[in-house]
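Heads up: the structure comes next, in structure tokens.
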Amino acid sequence: MNADTSIRRLTPRVVGKIAAGEVVERPASVVKELVENSLDAGAEQVNIEIGGGGLEFIRVSDNGCGVAVGELSLAFERYATSKLSSEADLERVSTLGFRGEALPSIAAVAEVEMSSRPPDVAGGAFVRLEEGVVVEEGAKGMPSGTSVLVRHLFRRQPARLKFLRSSAAEAAQIAAVVSHYALAYPEVRFSLVTDGRLTLHTPGGGQLADAAAGVYGHKVAASFLSVSPEPEGPLDSESPAGKVSVIGLIAAPPLSRANRNYISIFVNRRWIRNRSLTYAVEEAYRGLLTTGRYPIAIVDIRIPPADVDVNVHPAKTEVRLRREREVFSIVQRRIRSVLSLHSPVPDLSASAWGSVATVTRGSALIDGGKRQEPAVQPVLVPRSESAPLPSLSLSEQASPRQLPVLRALGQVGTTYVVAEGPEGLYLVDQHAAHERILFERFLAQHDASSVEQQALLEPVPVDLSPRQQALVEEMTVALVEQGFSLEPFGERTYLVRAVPAVLGEKDIAQAMLKFLDLMERENGISDHRERVAISLACHSAIRAGQTLIPEEMRELLRQLEETQMPRTCPHGRPTMIHLSADALAREFRRR
Ligand code: ADP
Ligand code: MG
């Protein structure tokens, strides 16, 4: 917020520099603009009320700085703003709004009443507009702050109404907008009332975890890991992107969603749409979530304002970053490092053992939005709250080893290896664990020379379906890297001249078809090398039902310890579950 809150008309020269276009597309755009104004006014509390998906009415009230006496109608003039005065200001916009266009644009397509009172002024004032024209103005008693009521949106624009969806769908979009701002501004109390029902509220108070609990519920919030800005680390000094830091909360796998809508990206607390940064977040979760699942993440990227151009899109939801690629990799690395430090072992006690939840070393419990101190003791929590418990502070648990040393005790159901570690009992899924080991090994191989290849004395002909043929052609480079040598031979037939040694079964044609079948199923993975590596790992890993001798179990655990992400298979399923010593003691009522 600027110190000077008086509203001025921008000069034509500055106006000419502003990205032009439609501001009010749908009810949610109105809510977005009004909430942004409240936040720019320094409000500590923003209440939003809507009826009929926002088409009947939208009311946004705040306790911010208010509009100076006599300036209410000026606020509805195009390009009148208190946030920008010179052209140079455009280079370093620090408020959410700056164009002076939202209020006039809204007033052009709805009936609007705005009332406002600055805190140091005795009485408030109001102004009412129809079709963009002031029809009534006067004094009004009210608490300090501003309230804007927007009614009958698009009533006179039937063509616009046609493009809207059901009022429930529009209400959902509004809830999404409010959620985003509630997450970006945890120090602000938000409430959203939809058709008379309180649908969302956050406590204010500044804790992102509390805001996240208000938006996503306590259960989801409890599985969030926090991403805190790195102190003056090598990352900052190395990077020409200047001071870029990443702040946020990210859900620990396997908690995930079926679409990308739960990845919220902010730049300097402005919610933006950015495919590349969204993708950076997805990439950080690579191998930790099953195919078709997406992370829940709230990621605020702090960049010096001079490195961000917000004047790209009329609705300001797109920004241009001066060094997007560096920012991309910083975001990805930062999130990846938080995930790889955490990479939780699902706790037996949380799922199978009902009411007992253990808190592993260095983790903290969020319970009902309250943050408690790190605990080592098992904690009795109600079943619904016994979701995997997060570690809020990563520095507390920065252990270089990602898996403790495990000692194999035996096998259960010829499927799980039972192991003992310093923190209790572990059940390791032998197939998933081996998949992880092989996957990382295959990915590390960059060319056929480092691969153990099995050349065939006689080339083996394999008949492929058109789909398999297309797949082989598309993936040729990655296949060759892993040691395959194939060549077309006639219309549907391929000659297999060599295969990776791990594929080495008696019936090469059969193994080849099985492998291709697996690869077809991994169609959610766009990276060719990963897709081949995952399929090959899945194909070659020891299976459930296979008896292992003690040396094999020991070797499996030892190799698993050496992987980078030992706790999940490449599809994101857990490789192990853990029953802590504490939980055991509790189950046996030893304490
Ligand atoms: P912009 O936000 O780009 O300046 P708007 O049309 O959204 O343009 O608002 C015009 C002006 O009205 C703002 O610059 C601000 O001075 C004033 N204003 C709007 N909403 C509020 C509010 N909730 N509290 C205080 N002032 C406001
Ligand atoms: Mg504005």
Side-chain angles (χ1 to χ4, degrees), residues 1-11 14-15 17-24 28-49 58-86 89-90 92-110 112-121 124-129 132 134 137 140 142-150 177-178 181 185 188-190 269-271 310-317:
M1 188 184 61
N2 279 359
D4 178 5
T5 56
S6 65
I7 302 176
R8 300 162 295 264
R9 294 181 186 89
L10 293 173
T11 63
V14 180
V15 169
K17 300 238 161 193
I18 284 177
E22 202 60 68
V23 180
V24 184
S29 346
V30 173
V31 172
K32 174 179 177 298
E33 295 295 336
L34 296 180
V35 167
E36 288 186 347
N37 280 347
S38 296
L39 294 170
D40 280 344
E44 288 157 358
Q45 184 164 350
V46 181
N47 300 321
I48 301 115
E49 235 182 298
I58 293 168
R59 187 199 313 267
V60 176
S61 315
D62 65 56
N63 63 351
C65 68
V67 176
V69 181
E71 289 186 351
L72 265 183
S73 53
L74 185 55
F76 285 88
E77 272 189 38
R78 205 163 282 276
Y79 309 124
T81 178
S82 57
K83 301 169 193 175
L84 199 70
S85 43
S86 71
D89 290 348
L90 258 185
R92 43 183 151 75
V93 172
S94 60
T95 45
L96 294 165
F98 56 91
R99 303 149 41 98
E101 267 196 310
L103 292 180
S105 306
I106 295 167
V109 290
V112 180
E113 185 173 327
M114 181 169 181
S115 36
S116 190
R117 176 166 85 79
D120 51 357
V121 172
F126 81 97
V127 61
R128 198 161 66 77
L129 296 94
V134 175
E137 234 175 324
K140 186 176 180 182
M142 62 176 294
S144 72
T146 302
S147 177
V148 181
L149 173 64
V150 175
V177 165
V178 176
Y181 277 111
Y185 287 79
V188 176
R189 265 171 87 101
F190 278 87
R269 310 179 101 197
R270 178 192 301 277
W271 175 71
V310 292
N311 185 23
V312 179
H313 187 261
K316 301 161 285 160
T317 48

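If you read the sequence from its start, that first residue is 1, and numbering goes on from there. Indexing begins at 1, ligand by ligand and atom by atom, following the structure's order. As a basis for the values below, the full set of heavy atoms in this structure was taken, side chains included, without hydrogen atoms, waters or symmetry mates.
- Take E77 and apply the salt bridge (charged side-chain N to carboxylate O under 4.0 Å, His left out) test, not counting sequence neighbours, and it matches R9.
- Here is the list of ligand 1 atoms found below 4.0 Å of a heavy atom in M114: 19 (C), 20 (N), 21 (C).
- With a 4.5 Å cut-off on side-chain heavy atoms, Y181 and R269 do not count as touching.
- Ligand 1 lies less than 4.0 angstrom from a heavy atom belonging to A80.
- Close approach of ligand 1 to T146 (heavy-atom distance below 4.0 Å) involves ligand atoms 22 (C), 23 (N), 24 (N), 25 (C).
- In this structure E49 satisfies the salt bridge (charged side-chain N to carboxylate O under 4.0 Å, His left out) test together with R59, sequence neighbours excluded.
- For ligand 1, the atoms closer than 4.0 angstrom to any heavy atom of A75 are 10 (C), 12 (O).
- A 4.5 Å side-chain heavy-atom check between F76 and V112 finds at least one atom pair inside the cut-off.
- Heavy-atom distances between G64 and ligand 1 stay at or above 4.0 Å for every pair.
- Considering backbone and side-chain atoms alike, V67 places every N or O at 3.5 Å or more from each N or O of ligand 1.
- At a cut-off of 2.8 Å, N37 coordinates the Mg ion (ligand 2) through an N, O or S atom.
- Of the possible donor and acceptor atoms, one in the side chain of E71 sits under 3.5 Å from a partner among the backbone N and O of I7.
- Using a 4.0 Å cut-off to heavy atoms of A41, the atoms of ligand 1 that qualify are 24 (N), 25 (C).
- Between the D40 side chain and the L96 main chain, a donor and an acceptor come within less than 3.5 Å of each other.
- Counting heavy atoms from C-beta outward, V134 and R128 have side chains that stay 4.5 Å or more apart.
- Under the 4.0 angstrom criterion for non-hydrogen atoms, E71 is not in contact with ligand 1.
- When only interatomic distances are considered, the shortest N/O to N/O separation between S82 and ligand 1 falls below 3.5 Å.
- Residue T81 approaches ligand 1 through these ligand atoms, each under 4.0 Å from one of its heavy atoms: 1 (P), 4 (O), 14 (O).
- Contact annotation for L96 and ligand 1: no heavy atom of the residue comes within less than 4.0 Å of the ligand.
- Between P104 and ligand 1, no pair of N/O atoms sits closer than 3.5 Å.
- A 4.5 Å side-chain heavy-atom check between S115 and S147 finds at least one atom pair inside the cut-off.
- In this structure, D62 contributes its side chain and V46 its backbone to no donor-acceptor pair below 3.5 Å.
- The part of I7 lying near ligand 1 is the side chain, judged by heavy-atom distances below 4.0 Å.
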